[in-house]
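Chain letters run A, B, ... following the sequence lines, proteins first and then strands; every chain starts at 1.
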Amino acid sequence: MGKAIGVKLIDELGRRHDGRLPDQMRPVKMRINVLENADGSALVEYGRTRILAAVYGPREPVQKFMALPDRALLRVRYHMAPFSTEERKSPAPSRREIELSKVIREAFEDIILVKYFPRTAIDIFLEVLQADGGTRTAAVTAASLALANAGIPMKALVAGVAVGKIEGQLVLDVDEIEDGSGEADMPVAYAPDIEKITLFQLNGVLTREELERGLDMALNAIRELVELEKRTLKEEYVSTEEV
Amino acid sequence: MGKAIGVKLIDELGRRHDGRLPDQMRPVKMRINVLENADGSALVEYGRTRILAAVYGPREPVQKFMALPDRALLRVRYHMAPFSTEERKSPAPSRREIELSKVIREAFEDIILVKYFPRTAIDIFLEVLQADGGTRTAAVTAASLALANAGIPMKALVAGVAVGKIEGQLVLDVDEIEDGSGEADMPVAYAPDIEKITLFQLNGVLTREELERGLDMALNAIRELVELEKRTLKEEYVSTEEV
Amino acid sequence: MGKAIGVKLIDELGRRHDGRLPDQMRPVKMRINVLENADGSALVEYGRTRILAAVYGPREPVQKFMALPDRALLRVRYHMAPFSTEERKSPAPSRREIELSKVIREAFEDIILVKYFPRTAIDIFLEVLQADGGTRTAAVTAASLALANAGIPMKALVAGVAVGKIEGQLVLDVDEIEDGSGEADMPVAYAPDIEKITLFQLNGVLTREELERGLDMALNAIRELVELEKRTLKEEYVSTEEV
Amino acid sequence: MSLTPFKVPIVPELRKNTILSLLAKGLRTSERDLVTPRIVRVKTGVIERAEGSAQVELGNTKVLVGVKTDVGAPFRDTPDEGVITVNAELVPLASPLFEPGPPDENAIELARVVDRSIRETNAVDRKSLAIIPGSKVWVIHVDIYVLDHDGNLFDASMLATMAALMDTKLPDYEELETGEIILDRSKKTMPLKINKKVLTVNIAKIGDYLVVDPDLDEETVADTRIVIAYDEEGNIVGIQKSGPGAMTREEILKAVDIGREAVKIYFKSLEEATTSAE
Amino acid sequence: MSLTPFKVPIVPELRKNTILSLLAKGLRTSERDLVTPRIVRVKTGVIERAEGSAQVELGNTKVLVGVKTDVGAPFRDTPDEGVITVNAELVPLASPLFEPGPPDENAIELARVVDRSIRETNAVDRKSLAIIPGSKVWVIHVDIYVLDHDGNLFDASMLATMAALMDTKLPDYEELETGEIILDRSKKTMPLKINKKVLTVNIAKIGDYLVVDPDLDEETVADTRIVIAYDEEGNIVGIQKSGPGAMTREEILKAVDIGREAVKIYFKSLEEATTSAE
Amino acid sequence: MSLTPFKVPIVPELRKNTILSLLAKGLRTSERDLVTPRIVRVKTGVIERAEGSAQVELGNTKVLVGVKTDVGAPFRDTPDEGVITVNAELVPLASPLFEPGPPDENAIELARVVDRSIRETNAVDRKSLAIIPGSKVWVIHVDIYVLDHDGNLFDASMLATMAALMDTKLPDYEELETGEIILDRSKKTMPLKINKKVLTVNIAKIGDYLVVDPDLDEETVADTRIVIAYDEEGNIVGIQKSGPGAMTREEILKAVDIGREAVKIYFKSLEEATTSAE
């Protein structure tokens, strides 16, 4: 995990190892319509973290006995490409991938208007092409874009970002180096237009005060991310590097 | 397996390593109604061997295509908890567990009145919480109690016990130490009220005469075990230590 | 794979390590009706390579949802017995076995008159009892015989053989030693009566001219093999050693 | 891949209404207020042959945890630390909802939430588990075994895990000249070094209400749930929103405060069980 | 988990009645008496490239056993003994009842019954299989391959296993200075050391009759079955009641006596095959 | 086991007729002639953290290949050579025909055809991948990731694999006195030694026509397909007939000749991508 021992991750001026300020995102890129076969698709980058999302559906469930009489069945797969990580990842689903598929699915169960499509399946396939921290939250953002691109009706757009604590300080959008030596990592997904937090985890230790402050840092960033999503849905491609 | 080399397992007075006589059971405890969700349940102990049994059913089979038109489908799982053994046991079913699930299922196929419940499933789940020899036979006893506790009609109650041969001598209800250095192990399950042997195995070498004597030793003990089962079904809890 | 370094595989007289000429098959044996339960069966030997084939069907598919409305479902399993190889082979299907099952199935999809038997399954089970090179092509020959033996209507009989290139020379029906140090291996299956090549692979390097010459070498041999098949179907057993 | 569960019992609308109208009065079907867990029973040493064990009853939910130990190699990036693994089995005995098979996403999530709470706080001192740093360390297997499922497997499993770890004693061992380690499991003397005690509080959101320690009925009708881990000082040492549905910022912060009070009840049960066991 | 088989062919009541009324006259559909096995054919050395092999035909049942050998590490608790593994494949070629896939409970039971008969009697001298005690021993893989299933796979598999083991010759090897063992499989000279010959007799209970070596029809209508292993001295060296149903005490003892006579026929076939093979 | 695919889209007879009548005029639905592949785009270095990578677009088919490297043990029979593994994932994102799960026969065939083309030609110099001959060698993992499936995964995957291998640089490493190898993946300097460039041409037989680089519609109606691998000198270095159906001797030879011309277009794209990347 590249735990860099002895390396200072925040300098005396409050700058992080890549020059960012504590509450600064990495450069973000969003693009939709990146795949031909999928009903909707998106590519999202937070720095070097790169997620490809495809949405299929509403369509007939592959296994018909799974169909639900009163709503769409949601299927979510969060999966890492074998070449996305420092050491090659076996393509078989890890326990981590199984858990993240669940929490990401649960982040959308109450967002997608599943009651409109009884007896169908909506599939969200998320491929981590390159992993450099924050993959699950970037995956939520990519899923939100791909769902909108597929024309699936949603209560609101969702985006995600993680807040970390490193060297005693709260920082936004932790990358892998920061995560590896951080004291806490708190991924959050949020739908600002309806003020709903749909994914929330904390690994590590925070005080009550830090939790509240970190949460607000995440929600603020997500508001901007959702604005970027909206622009992307109009313009097909958006990059904060170009801004 | 803790094969204790050079240790005498039967002393000159005919006492076994734990003080028992050759035809003496370990202390037995039986209790029913130990679980809330199951339709019937039982906890059975032979010394430190401890089995938890749950029965569900008759109910609709999980996979409907398995339903049998003229009888109930019986499903039996004998499973060891990872912490039940000296070295941690992987929770994935071993070949041994698969075989024992089969022989225990077959011990009940002709005992349960399966013709009364066509197109349903009756599930017997057996968890070895602690293993100290004789787990399959104690599991049969626990299953019998849990079935009765669930109100599943049976031709008769069943109980099981193993007879071993150690240092040339036949002994009842072998524990793990005895089994590890024994010359033979003969698990038996029996329904005394209808005089039927429903499970019978022998691992090791016996003469014709020893086989007959050992079998009778087992059947005698099982008659007492079934009496204990009957008392348990009335009193909920029975322990031979208290007697 | 026993790559024999420094050993000459073709001597100055053009003889191969087992005395064969370049375009000479190993002794071939064919026998049908070797199994009782199967609807058709065959045993085929190319030298020490020995394949047992069984055909079941047309019959109801084991999983009914697989049934095809307009044709028979074909199922092919190419499988190696654990004791068939130099080092014991795990009985779990290897990637190689999965690929070969596919190419052998595809060699028969257009040969069997599958349209005659909608909603049924035809199963071809191929067991490599002993592997000494050329197992997939001998398996095709065995499958063809077993299909005919089962009375399954086919456009034509099929047989297979591999051509190899060793020490710069094209040779027919390579065995394991030759294959292990060969420069190319080209398995071919062919139905001479309708002039169709139904399986074709090349591993290794050939010039355009060698490819054509090698292919003709294979097709010539296959014509003879199919004649042997025809005799076998009449006489039940044929061996080129006896001729 | 994760799928919308398609075999969950459908809770009659009526049942949900009953629960909600009770909550409006500050009451619950199990006759307790919104912020109080069900009756907790913790018992350690229940599997004598295991190196450590505990059984927890939380209302009708029953969880057994056993700890087994082994000697193995350390991870490459932490050569001087022992290894702790957490596994959860939702055995079919425990509920008509469970089927035999490898752990599903619910079992995996349960195990990973418990695992992270222990790991991130270094609750068990991993450095003290090195035998020969760099080559031989203790491997601690925590196996969570759910025996009866009436809701809130998280808190019951966390509590049973913590109690079992506190109950654990490592087997004696001998180090051969070859560097091999020979265990003598008949003698267990050396307790695990516990740096920190960590427990969770599972809070369900039902309508506009937040309720501590939901039972199965409450979980089934809940809009969503949040599981918060605390240490004894009241620090927040892990969180998992679990289940579909969402919460507001305010609900999360309120849950954190409610949980911090409720966890004291669990800590009290833990302490009683582990000191009485001495 | 074990399930009541739900895909077994249903035997018409008529068929069962026919079998029973024949049995009442001391006859069977295969024209033999109740205590005699079907015609047995044993042939060794059928797979030339294997270290040992045998094919057994028992009526229309056909089983092939191949033995492969390897060098590996001993089990920790028996450092100076070789390792023997037994595996059975019910390949789909052999019966419309078999489907491709990993060994099911029937294949596992079959392998384990054969394995125990060999293991418990030390039929193959495991101590003689140590190459460098504590680190390098022979690993003997016995693979049972059922080719045609017409009932009583137990006796056919046991007989083929015993014959294949007696046919087995270990490859020559060279021990490098590094301790590595290099096999030369082209030369096989050293036969396995056989301490004891063990065979089984499978006896079906149909109504009140006990019949030796049931064919598939008989197995299908049988109330239950018992498989008894014997050594050449007539000792009982293993038993497995297999299949649903029950037996009385007297039936078991009677089966043991019937089997002890019947096994002599199998032993004779084994001896003929293995001595003629020399 | 291999089964006739039972979930393929059924192509309307009409569609096949359209394709055939166009072919009769020497035309295709994608507005190209019979022997020309679709537009090819090759881009290397697309996954910065991988040791090598390339993305190929062949019409609407899109394939990503990443190369990761590791240090491991050599195979016993080639102690002084590195190890190359090829794996293909048909991830469900790429097509409604793909479902999550372990690689099926199509993915395995794809990976093995690519693997053989590289292996049989020694395209990557395996001897140069030995670090400590006999004990430590480079293990090169080639992972083929199909992102969008519009037919002819073979050519796209082979091209992306070749480009990714040419893009690959091994990480720097340090050899400890213990013989252990410590990688520094932050520095990648040493390119793989490429002996030979190899690409494939996939040719479909539709009716009596042979068409290069079939798209998904064409593959679906094709009678059969043949995939031919060539090196830059035009040698044939691998062939796979894939799909049901048959070809005549003459069709195979004609396909070999057509492919030899068509592959030049692919080689040109490869060269442009790999030299421009410098």
Check step by step if side-chain contact (heavy atoms from CB on, under 4.5 Å) holds for F:Met1 and C:Arg105.
CA-CA 9 Å; F:Met1 195 160 61; C:Arg105 175 179 60 74; over 6 Å; no
Chain F: which of C:Asn203, C:Leu68, C:Ile111 shares the most heavy-atom pairs with it under 4.5 Å?
C:Asn203
In residues 193-200 of chain C, which residues are in contact with chain F at a heavy-atom separation under 4.5 Å?
C:Glu195, C:Lys196, C:Ile197, C:Thr198, C:Leu199, C:Phe200
With a 4.5 angstrom heavy-atom cut-off, could you sort out which part of C:Asp216 is near chain F: side chain, backbone, both or neither?
side chain
Using heavy-atom distances under 4.5 Å, tell me whether C:Arg71 contacts chain F through its side chain, its backbone, both, or neither.
side chain
Under 4.5 Å from any heavy atom of chain F, what part of C:Phe65 do you find: side chain, backbone, both or neither?
both
In Å, rounded to the nearest 0.5 Å, how long is the span from NZ of C:Lys102 to OG of F:Ser242?
3.5 Å
When C:Leu219, C:Leu211, C:Ile98, C:Leu206 are compared by non-hydrogen pairs under 4.5 Å with chain F, the top option:
C:Leu206
Is any side-chain N of the basic residue among C:Glu106 and F:Arg225 closer than 4.0 Å to the acidic one's carboxylate O?
no
Region of C:Leu100 that comes under 4.5 Å of a non-hydrogen atom in chain F
neither
With chain F, the option among C:His79, C:Glu99, C:Glu210, C:Met186 that has the most non-hydrogen atom pairs under 4.5 Å is C:Glu99
Take a 6.0 Å sphere around CD of C:Glu212 and say whether it holds more than 12 heavy atoms from other residues, nucleotides or ligands.
yes
Begin with the C-alpha distance, continue with both residues' side-chain angles, and end with the deciding distance and a verdict on side-chain contact (heavy atoms from CB on, under 4.5 Å) for F:Ile108 and C:Glu97.
CA-CA 10 Å; F:Ile108 287 171; C:Glu97 286 169 302; over 6 Å; no
Among the options F:Pro103, F:Ala246, F:Ala111, F:Ser117, pick out the one with the most heavy-atom pairs lying under 4.5 Å from chain C.
F:Ala246
Return the OG1 to CG distance between F:Thr224 and C:Asp110, rounded to the nearest 0.5 Å.
8.5 Å
Quick one: what part of F:Arg119 sits under 4.5 Å from any heavy atom of chain C, side chain, backbone, both or neither?
neither
Select one option (side chain, backbone, both, neither) describing which atoms of C:Leu73 are under 4.5 Å from chain F's heavy atoms.
both
Could you point out which residue of C:Thr207, C:Leu202, C:Val205 forms a side chain to side chain contact (heavy atoms under 4.5 Å, CB included) with F:Ile236?
C:Leu202
Looking only at side chains, do F:Thr4 and C:Glu109 share a donor and an acceptor under 3.5 Å apart?
yes
What I'd like to find out is whether the side chain of C:Gln201 reaches to under 4.5 Å of the side chain of F:Lys241, using heavy atoms alone.
no
Could you look at C:Arg208 and say if it's the side chain, the backbone, both or neither that has a heavy atom under 4.5 Å from chain F?
both
